[in-house]
Amino acid sequence: MTHGPDIEKKWQKRWEEARIFKATEDSKKKKYYVLEMYPYPSGEGLHMGHSFNYTIGDVYSRFKRMNGYNVLYPMGYDSFGLPAENAAIGAGVHPKNYTEKAISNFIMQQRSLGLSYDWNRTVSTHTPEYYKWNQYFFLKFMERGLVYRKVATVNWCPKCDSVLANEQVHNDCCWRHKNTEVEQKDLEQYFIKTTTYADELLDLISGLGWPERIKIMQENWIGKSHGVTLKFDVVDESGTKIDEIETFTTRVDTVYGITYMVLAAEHPKVKEYVEGTKLEKEVMEFVNEVKKKSTIERTAEGKEKNGMFLGKYFVNPFTGEKCPLWVADYALYDYGTGAVMAVPAHDQRDFEFARKYQLPMRVVISPDFELNVERMSRAFTTDGVMTNSGEFDGLPNIDAIEKMADTAKEKGWGKGTISYKLKDWLISRQRYWGTPIPIILCGECGAVPVPEGDLPVLLPDEVEFGKGNPLLTNDDFVNTTCPKCKGGAKRETDTMDTFFDSSWYFLRYCDSANDKEPFDKNKAGYWMNVDQYIGGAEHATMHLIYARFFTKALRDMGFVHVDEPFTRLFNQGMIHGNDGHVMSKSRGNVINPTDTIEKYSADALRFFLVSIATPNKDFSWSDGALESCYKFTQKVFNGVGKIKIGKSNKKVESRLHKTIKEVTDDIENFGYNYALIKLRSLFNSFDEEESRETIEAFLKMLHPFCPHMTEELWEKLGNEPFLSLTSWPTFDESKIDTKMEMIEEFQKQVKNDIRSIIDLVGKKPGKITAFVSPDWKYMVYNTALANRESPDKIISAVMQNEEVRKRGKEGAKYAQGLAKNIARLEPVLDKADEQSSLNEYVGALEDEFGCNVEVIEAEHSDAYKARQAAPGKPAILVE
RNA sequence: GCAGGGGUAGCCAAGUGGUCAAAGGCGCUAGGUUCAGGGCCUAGUCGAUUAGUUCGUUCGAGGGUUCGACUCCCUUCCCCUGCACCA
């Protein structure tokens with residue numbers, strides 16, 4: 001009999017019919033929320049990475065459930081997004097059909113993996129029932145002042161007459177029109193003020209039970225830096241003050257080295273300063289040129305830096321010096337103030353720029369060698385001593401930072417500032433397949449929020465694809481009346497970034513059928529936080545930052561009471577193909593999970609996925625290893641029925657309890673591979689007869705990994721379903737018999753020794769004699785063990801003993817040998833145990849080697865061989 | 001460039017100061033199996049040596065700390081991932 005998809009389907013059906021994984025709030029039970037990152041349901045179907053992800057989560061959920069937790073383990077679909085829209089353009093399928101077909105395909109495939117989801121809580125973000133609440137939250141954020149509208153640049157393809165996502169831009173050209181250059185176009189768009197929570201987002205990272213590297217990535221992403229904002233007077237050629245400008249710097253210590261300043265191309269002052277001057281045309285051309293370039297092109301490190309003089313100057317308040325003002329492509333408008341005080345001697349970028357345009361340099365921080373401005377080949381960016389810096393000369397620059405910041409404050413030249421790399425979240429997408437932004441654009445009243453009662457703003461089905469933004473092609477959608485003045489108005493046709501959807505889906509799972517509110521606060525109160533979140537590292541920054549932001553914003557609005565959404569995060573590794581490369585369609589090394597399930601079984605696939613390596617590490621697909629997992633599952637499936645139910649011997653019982661103890665820990669810590677090694681070994685140690693308790697405990701432990709076959713076997717043993725609902729076995733420390741294990745190990749060792757001697761001799765044995773070590777050697781051995789820490793004392797300690805002294809050289813020699821290898825000494829059985837376990841084993845040895853076997857105490861033998869006997873290592877004579 | 005992770009026997013992969021010549025799997029070798037054809041069981045699988053022993057050499061490379069390192073420190077090479085001119 002083989003275990004395969006038929007049996008698996010049977011159990012999937014029965015689980016479903018009995019609704020055994022339905023989660024219900026129950027204040028009397030401890031809850032546990034296990035969540036996997038929900039998938040984008042692509043037409044390609046489930047890939048191996050998904051299967052891996054869900055297997056990890058399902059094992060954990062089943063484990064927690066069996067351990068008495070009230071487990072919430074839901075699944076849903078991130079079903080808005082670009083691929084569906086591309087399919088509409090390419091294959092002429094409506095995104096809705098494409099998506100819904102893909103979802104049902106996903107569900108089918110996920111069911112075949114045997115995942116224990118509560119399917120009643122499923123969400124699909126493209127349904128009005130879901131996205132209505134996106135719109136609702138958008139309005140709530142607006143009320144709180146967390147939304148603003150601002151002009152921002154987008155990628156624009158003139159042929160498509162449409163906005164492109166970054167990944168649709170290939171070599172600065174449109175992905176569909178390879179010869180059409182992408183333009184940069186300015187549009188009014190919506191931003192969410194994620195930066196409001198920048199500090200909290202940063203501060204709470206330390207308390208998260210997340211992988212260290214993800215935490216570090218988040219810290220870097222938020223990129224908090226302390227610095228000083230300095231104010232400079234802007235002057236014209238003649239030195240007359242015409243304006244003021246601010247810059248942010250983390251290196252005030254270098255202000256005496258400022259020789260010029262650069263503004264970002266987007267900085268509004270650029271235009272202001274050149275307007276009406278002879279530089280205007282040239283500078284504005286340059287600015288437009290810069291803006292036209294894609295962000296990637298502009299920001300790639302190592303790119304040559306370009307800039308132009310603006311015809312204006314500024315005065316350095318520290319030195320009173322007048323320096324030129326430039327515009328440059330390497331200045332970023334959205335970091336700091338969009339203006340950079342340039343210190344070419346001490347900043348690599350400024351250095352390159354200054355060399356190119358022959359701008360002056362001044363060394364103001366000195367290393368312990370002489371720096372020659374003329375000969376410097378790169379900026380000096382490490383620490384040193386202040387020089388050429390007036391009153392600050394001689395200070396270590398580290399100390400000067402604080403002093404100079406204080407001076408700037410006192411004199412009113414600047415103030416301490418904190419700057420972040422984290423930017424506000426641009427959520428507008430000029431796309432069809434997303435949540436319509438609930439705004440009405442009125443000529444009179446401007447951007448007016450749709451009244452809450454009018455939600456949802458439904459995404460219309462009737463649109464045309466391939467002609468710009470599809471939403472613009474539906475007049476009924478676009479034309480509306482202004483909620484304020486009741487005059488004619490147009491709907492916002494931008495839709496939301498799909499990260500908006502995924503920022504709170506875990507809350508919706510808590511109460512997914514609610515049509516009155518996004519979720520019931522009490523239900524969310526019961527289930528939140530997500531105790532264990534599981535997914536790939538690719539979402540380290542975006543998704544996980546947005547979801548954290550959402551949680552904090554919703555907390556402040558009273559929707560939830562938790563600060564953080566995900567208490568613990570587990571990152572699975574990536575699966576590589578047979579060829580060692582990451583499994584991907586373009587590599588052509590993809591293995592399809594559904595095929596594998598059909599050929600082997602879901603249980604075998606699950607077993608394989610989590611047994612090959614620790615699940616947080618990358619691993620390579622291996623047909624051989626999969627085969628071996630399959631064989632083991634079959635062996636269990638067929639083997640359990642053959643075991644006679646009766647009594648387990650003490651040995652197996654001891655192993656069982658030890659295994660329960662260890663496997664419980666292993667699963668808790670995601671050491672699934674260890675757990676499976678131990679379960680394999682436990683099963684292999686089973687005899688022809690075992691107790692019901694032993695077999696059932698084994699099945700229970702295997703169950704999270706191979707849920708179907710264990711259910712089947714459970715039933716075959718005469719139990720009522722469901723194994724899934726039984727409780728996890730507990731271990732009894734008193735039944736773990738380490739001596740028994742030592743005996744087992746000892747017997748095995750003796751057998752091996754006999755075998756290798758026979759091999760060496762190369763003849764059939766006529767008689768085998770085992771000599772048990774004499775008493776005095778045990779004594780010496782234990783003395784040596786007791787003196788592990790000070791091996792040099794062993795000999796003298798041993799020689800105190802009369803018995804040993806009597807042996808003379810032989811005793812000392814033995815002790816010396818032990819002292820030399822002190823590190824390798826292990827505790828051994830005492831003589832009586834050794835002897836009795838050997839006697840017990842004689843029968844088995846005689847069977848194995850087909851000859852008479854005798855056990856003798858070395859003391860009682862004159863055989864030369866007997867002198868070799870040592871504790872744990874009886875001398876063996878083969879005749 | 002910065003940040004993080006990694007380099008372990010033929011392969012995949014455990015192992016973070018002694019119990020390690022290094023779990024487990026695959027592959028390979030030998031033996032067994034009324035076993036017909038990528039089945040099952042047992043054993044072996046760094047080298048040398050040997051009646052079960054012992055010795056030598058191994059965990060990218062080179063140094064160091066330590067009585068003792070795959071494990072800690074430094075240098076160096078290679079691979080992967082993320083960020084990418086953040087002032």
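Source: prediction; values computed, not measured. Computation of the quantities below employed the complete heavy-atom set of this structure, encompassing side-chain atoms and omitting hydrogens, waters and symmetry-equivalent molecules. By convention in this document, chain letters (A, B, ...) are assigned in the order of the sequence lines, proteins followed by strands, and residues within each chain are numbered from 1.
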Do [X] and [Y] have side-chain N/O donor and acceptor atoms under 3.5 Å apart?
| X | Y | answer |
| --- | --- | --- |
| A/R655 | A/S681 | yes |
| A/Q634 | A/K631 | no |
| A/T2 | A/Y630 | no |

Contacts of type side chain to side chain contact (heavy atoms under 4.5 Å, CB included), residue [X], not counting sequence neighbours:
| X | value |
| --- | --- |
| A/E879 | A/K767, A/T769, A/L877 |
| A/V828 | A/Y781, A/P871 |
| A/R349 | A/K305, A/Y330, A/D347 |
| A/I757 | A/V761, A/I876, A/V878 |

Taking any heavy-atom pair under 4.0 Å as a contact, classify [X]: base, sugar-phosphate, or nothing.
| X | result |
| --- | --- |
| A/Q868 | base |
| A/T247 | nothing |
| A/V878 | base |
| A/A537 | nothing |
| A/P874 | base |
| A/D350 | nothing |
| A/I216 | sugar-phosphate |
| A/Y674 | sugar-phosphate |

| field | Where at least one partner belongs to residues 535-546 of chain A, residue pairs that pass side-chain hydrogen bond (donor to acceptor under 3.5 Å, both in side chains), sequence neighbours excluded | value | A/Y533-A/H543

Checking base pairs now: Watson-Crick or wobble, both atom distances under 3.5 Å. What partners [N]?
| N | answer |
| --- | --- |
| B/A84 | none |
| B/C40 | B/G32 |
| B/A14 | none |
| B/U49 | none |
| B/A61 | B/U75 |

Quote, to the nearest angstrom, the [atom1] distance that separates [N] from [M].
| N | M | atom1 | answer |
| --- | --- | --- | --- |
| B/C77 | B/G60 | C1' | 8 Å |
| B/G4 | B/C72 | P | 16 Å |
| B/C59 | B/C46 | P | 15 Å |
| B/G82 | B/A87 | P | 23 Å |
| B/C28 | B/G38 | C1' | 14 Å |
| B/G15 | B/C20 | P | 15 Å |
| B/G6 | B/C73 | P | 12 Å |
| B/U34 | B/C41 | P | 16 Å |

| request: Would you kindly compare A/I757 and A/F248 by the position of their nearest RNA chain B nucleotide and give the one closer to the 5′ end? | output: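 Nearer the 5' end of the strand: A/I757.
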
| message | Can you work out whether A/N220 or A/M574 has the more 5'-proximal nearest nucleotide on RNA chain B? | response |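 This one resolves to A/N220.
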
| A/K658/A/E741 ion pair, N-O < 4.0 Å |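 Looking at A/K658 and A/E741, the cut-off is met.
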
Nearest-nucleotide pick for [X], side chain only, options being [options]:
| X | options | result |
| --- | --- | --- |
| A/A625 | B/G25, B/C86, B/G52 | B/G25 |
| A/K865 | B/C86, B/G52, B/A14 | B/G52 |
| A/R349 | B/A87, B/C12, B/C86 | B/C86 |
| A/S620 | B/G25, B/C12, B/U50 | B/C12 |
| A/I677 | B/U53, B/A23, B/A87 | B/A23 |

| message | Each nucleotide in nucleotides 41-47 of chain B should get exactly one letter: B, S or -. Can you fill that in based on protein heavy atoms under 4.0 Å? | response | SSS----

When the distance from [atom1] of [X] to [atom2] of [N] is rounded to whole Å, what number comes out?
| X | N | atom1 | atom2 | result |
| --- | --- | --- | --- | --- |
| A/I754 | B/U53 | CD1 | P | 13 Å |
| A/L679 | B/G25 | CG | C1' | 15 Å |
| A/Q348 | B/C2 | CD | P | 12 Å |
| A/K215 | B/G4 | NZ | P | 14 Å |
| A/K873 | B/U54 | NZ | P | 7 Å |
| A/F632 | B/C40 | CZ | C1' | 15 Å |
| A/D253 | B/A87 | CG | P | 13 Å |
| A/Q218 | B/G4 | CD | P | 16 Å |

Would you please confirm or rule out a distance under 4.0 Å between OP1 or OP2 of [N] and any side-chain N or O of [X]?
| X | N | value |
| --- | --- | --- |
| A/K631 | B/G39 | yes |
| A/S622 | B/C12 | no |
| A/Y330 | B/C86 | no |

Taking only N/O atoms, report every protein-nucleotides 5-7 of chain B pair under 3.5 Å with atom names and distance.
none

| said: Tell me if a side-chain donor or acceptor on A/E834 pairs with a main-chain N or O of A/G872 at a distance below 3.5 Å. | reply: yes

N/O donor to acceptor pairs below 3.5 angstrom from side-chain atoms of residues 418-425 of chain A, sequence neighbours left out:
| residue | atom | partner | partner atom | Å |
| --- | --- | --- | --- | --- |
| A/Y420 | OH | A/D199 | OD1 | 2.8 |
| A/Y420 | OH | A/D199 | OD2 | 2.8 |
| A/D424 | OD1 | A/T194 | N | 3.2 |
| A/D424 | OD1 | A/T195 | N | 3.1 |
| A/D424 | OD1 | A/T195 | OG1 | 2.6 |
| A/D424 | OD2 | A/Y148 | OH | 2.7 |
| A/W425 | NE1 | A/D497 | OD2 | 3.0 |

| Under the ring-ring contact (aromatic ring centres under 6.0 Å, His included) test, residues paired with A/F771 that sit two or more places apart |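 Listed in chain order: nothing, the list is empty.
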
| query | Is there side-chain contact between A/R251 and A/V343, with at least one heavy-atom pair below 4.5 Å? | reply |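 The answer is no, as the side chains (C-beta and beyond) never meet within the 4.5 Å cut-off.
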
